[in-house]
Amino acid sequence: MTAKRIKTRFAPSPTGMMHIGNLRSALYEYLIARSGSGDFILRIEDTDRERYVEGAVDVIYRTLRTCGLDHDEGPDIGGPHGPYTQSERLPLYGRYARMLIEQGDAYPCFCPPGRVDRDEEGQETETFGYDRRCRGIAREEAAGRMQAGESYVIRQKMPLEGETSFTDDVYGTITVMNKELEDQILLKSDGYPTYNFANVVDDHLMEVSHIVRGSEYLSSTPKYVLLYQAFGWEIPHFVHLPLIVGEDGKKLSKRHGSTGFDDLVEKGYLPRAIVNMIAFLGWAPGGETQEIFSLKELEERFHIEGINKAPAVFSYDKLNWMNEQYIRALPFEDWKGMVATEALPAFGDQAFDLDMLARVLQPRVTRLSDIPDMIRFLTERLPLSAELFYNKKAKLDAGRAKEVLEAVKPRLSAVPAWTEEAILDVLETAGSELDIKKGQLMGALRAGLAAQQVTPGGAIETAIILGREESLERLERTLEFLREA
RNA sequence: GGCCCCAUGGUCAAGUGGUCAAGACGUCGCCCUCUCACGGCGAAAUCAGGAGUUCGACUCUCCUUGGGGUCACCA
């Protein structure tokens, strides 16, 4: 193969959400193109009218855009090989199919759909696939029946002997016996091509150099190779990707939880983290140990040799970690904006200090959607209990907490400005004057303010977030509880 | 079941005949510490099995076992 310009395509079918597996294909296709300064194009494969979902094309555009996978040709931006939507290319497929019939590499088939093979006793046989019943129909008879308006499909005529092999850039050379290949349908009775036919025609016409797709297509690739040969077209590079599977080792699907890009985003995963995560499902840079890569960096390091052959299990644990890395590294202002959209509705009319809240949350949040639960103790006054104040190490319990708070609350009420520095100053003074250990002081205050044993952030941070008024009211309420206990 | 593919710790994986077999996630422990995190340090944990080839195999070959994919007028 000559040093042709690298060109890859993402060819999704508009059937709904953007599955993680599809997105990974798109990402690898994009990276293979970009790492070789080639082109990445988008083609919509809408040849299945029954599965077509309104609006699915927009999901595809939107997802690619938010992930930063810009394409060079596509239905929305055009290009030299349009149209890029298969339903608009129908006449083309018919023409090429007829060409194959004339060459003797395809034939019309009049069998009803889904016919099951049966043996002499009428039992279903164990053999699968079409039995080539119509393959022997004389050309004139076939032409007559087609003329007469009989419904038919066009099937590829597979060689009955010999073998076909091709070399995949990831899996190496693969060979199959031709007799194993089914006379697959190229053109359906409704005039639409099947994927098996359209992808070959379009990939050739659009000058795609590297066909990148999931390994579930590996076993049907010999049939495509035969098609390329029948047309006398140059065989492109094949780059089959290892499957993404769930924890149970099975191909990732709906029952494995959130497997759509939108689902993940809704759960609070950052698009950049998702992209980084799926880049490593079946690929590794080799040599180096870095795992956090921006899309730009991936464009520089990605290479086909780094693609693995074994299926990869999608790990939510690892995704969580990646998301945390991205959250921690976010510029504070960006992070604050995200916290605001989660927190504002939860706080409602209640005032709170967004800066401090964001600061406290940044090193602790795993997914954005976790925020509402994490801040519930701030947006609601939770029920109190004696156990809240128990801390063995600090020798703190409800009784001691009452003493501490009784002593400290008046001083807090008198703080001139409700700032970190001022509050810390008051508490330190109180601590040394009244001889209260820091653990007891802070522990009692934090529990008294939060009414929750474990909190993100400490006593002072909590006080700042809540503000003076709410903090003092909460302390008064706590003291009332403690006095009665 | 036929055909095809795959096989390093629980997971993602580096490795390409000679390494004490990287690193990350997760798990566990310690430190830091007003709780929880973050951060730091450390630990346990892997070459599926069997034959070969070779002076020497995780690396090469074969077989076994295990797993997966595919057998649609879906892609």
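Worth knowing before you read on, the calculation uses all heavy atoms, side chains too, and leaves out hydrogens, waters and symmetry mates. Bear in mind the structure is a predicted one, so any value in this text is a computation, not a measurement. Within every chain, numbering begins at 1; the chains are lettered A, B, ... in the order of the sequence lines, protein sequences first and strands thereafter.
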**OP:** Check the side chains of A/Tyr93 and A/Asp202 for a donor-acceptor pair under 3.5 angstrom, ignoring hydrogens and angles.
**Re:** yes
**OP:** Using heavy atoms to find the nearest nucleotide of RNA chain B for A/Leu281 and A/Ser13 separately, return the residue whose nucleotide is more 5′.
**Re:** A/Leu281
Subject >> ring-ring contact (aromatic ring centres under 6.0 Å, His included) partners of residues 156-187 of chain A, not counting sequence neighbours, each pair once >> reply: A/Phe166-A/Phe238
Each nucleotide N or O in nucleotides 24-28 of chain B that has a protein N or O under 3.5 Å away: list the pair and distance.
residue : atom : partner  : partner atom : Å
B/rA24  : O4'  : A/Glu291 : OE1          : 3.1
B/rA24  : O2'  : A/Glu291 : OE1          : 2.4
B/rA24  : O2'  : A/Lys318 : NZ           : 3.3
B/rA24  : N3   : A/Lys318 : NZ           : 3.2
B/rC25  : OP1  : A/Trp321 : NE1          : 3.3
B/rC25  : O2'  : A/Asp317 : O            : 3.4
B/rC25  : O2'  : A/Lys318 : N            : 3.4

Subject >> Donor-acceptor pair present, A/Arg446 side chain and B/rC34 base, under 3.5 Å >> reply: yes
Original post:
For RNA chain B, whose closest nucleotide is more 5', that of A/Glu288 or that of A/Lys309?
Top reply: A/Lys309
Original post:
Counting only distance, no hydrogens or angles, is the base of B/rC38 paired donor-acceptor with the side chain of A/Arg328 under 3.5 Å?
Top reply: no
**OP:** May I ask you to say whether A/Asp397 pairs ionically with A/Arg400, meaning some side-chain N is under 4.0 Å from a carboxylate O?
**Re:** no
**OP:** Kindly say if A/Lys250 contacts the phosphate of B/rG68, meaning a side-chain N or O under 4.0 Å from OP1 or OP2.
**Re:** yes
Original post:
NA contact type, A/Thr47, heavy-atom cut-off 4.0 Å: base, sugar-phosphate, or nothing?
Top reply: sugar-phosphate
Original post:
Tell me, do A/Asp46 and A/Arg51 make a side-chain contact under 4.5 Å, heavy atoms counted?
Top reply: no
**OP:** Classify the side chain of A/Thr194 versus the base of B/rC73 as yes if they form a donor-acceptor pair under 3.5 Å and no if they do not.
**Re:** no
**OP:** Establish, yes or no, whether the cationic atom of A/Arg145 lies under 6.0 Å from the six-membered ring centre of A/Tyr152 and within 45° of the ring axis.
**Re:** no
**OP:** Using the P atom as the reference point in each nucleotide, state the distance between B/rC20 and B/rC63 in Å, no decimals.
**Re:** 33 Å
